[in-house]
Amino acid sequence: MAAPATDRQRELLRAIQGLTDARGFPPTLAELSSRLGMLAPGGAASGVKACVSKGYLTVIPRTSRSMQLTPEGLAEANRNESAQTQPAG
């Protein structure tokens, strides 16, 4: 089982899913960065790399618009944040 996604990684997965659903194809790193309010594509690139290493995304190296959520990534993107909150005590 992959390590749980951070809130920022989950936000990135949701952005990829939303942009892909809206356009019919995955975003570029620049489009993803813009959607997430980042100043440069490098921030999105590091998030994508972390999601790939956790098994939430697949990416074809040196190919634009090749990000695809894996079944695990799709489940993580659709996870309800309130379900993650552990009760106190």
Contact list for residues 36-53, test side chain to side chain donor-acceptor pair (under 3.5 Å), sequence neighbours left out:
none
Pairing residues for Glu31 by the salt bridge (Lys or Arg N to Asp or Glu O under 4.0 Å) criterion, not counting sequence neighbours
Arg23, Arg65
Heavy atoms, side chains only, cut-off 4.5 Å: are [X] and [Y] in contact?
X	Y	result
Pro27	Met67	yes
Leu36	Leu32	yes
Leu74	Leu13	no

So which atom in [X] and which in [Y] form the shortest heavy-atom distance, rounded to 0.1 Å?
X	Y	value
Gly55	Thr70	O-OG1, 2.6 Å
Ala50	Gln9	CB-NE2, 3.3 Å
Ser33	Ala40	OG-O, 3.3 Å

Gap between atom [atom2] of [Y] and atom [atom1] of [X] - 0.5 Å precision:
X	Y	atom1	atom2	answer
Leu29	Ser34	CG	OG	12.5 Å
Ser66	Phe25	OG	CZ	13.5 Å
Gln17	Asn78	CD	CG	4.5 Å

Below 4.0 angstrom, N of the basic side chain to O of the carboxylate: do Arg8 and Glu11 qualify?
yes
Distance-only, no hydrogens or angles: does the [X] side chain make a donor-acceptor pair with backbone N or O of [Y] under 3.5 Å?
X	Y	result
Ser64	Thr28	no
Arg10	Ala77	no
Glu76	Gly73	no

Under the side-chain contact (heavy atoms from CB on, under 4.5 Å) criterion, do Thr58 and Val52 qualify, and how do the steps go?
CA-CA 6 Å; Thr58 59; Val52 167; over 6 Å; no
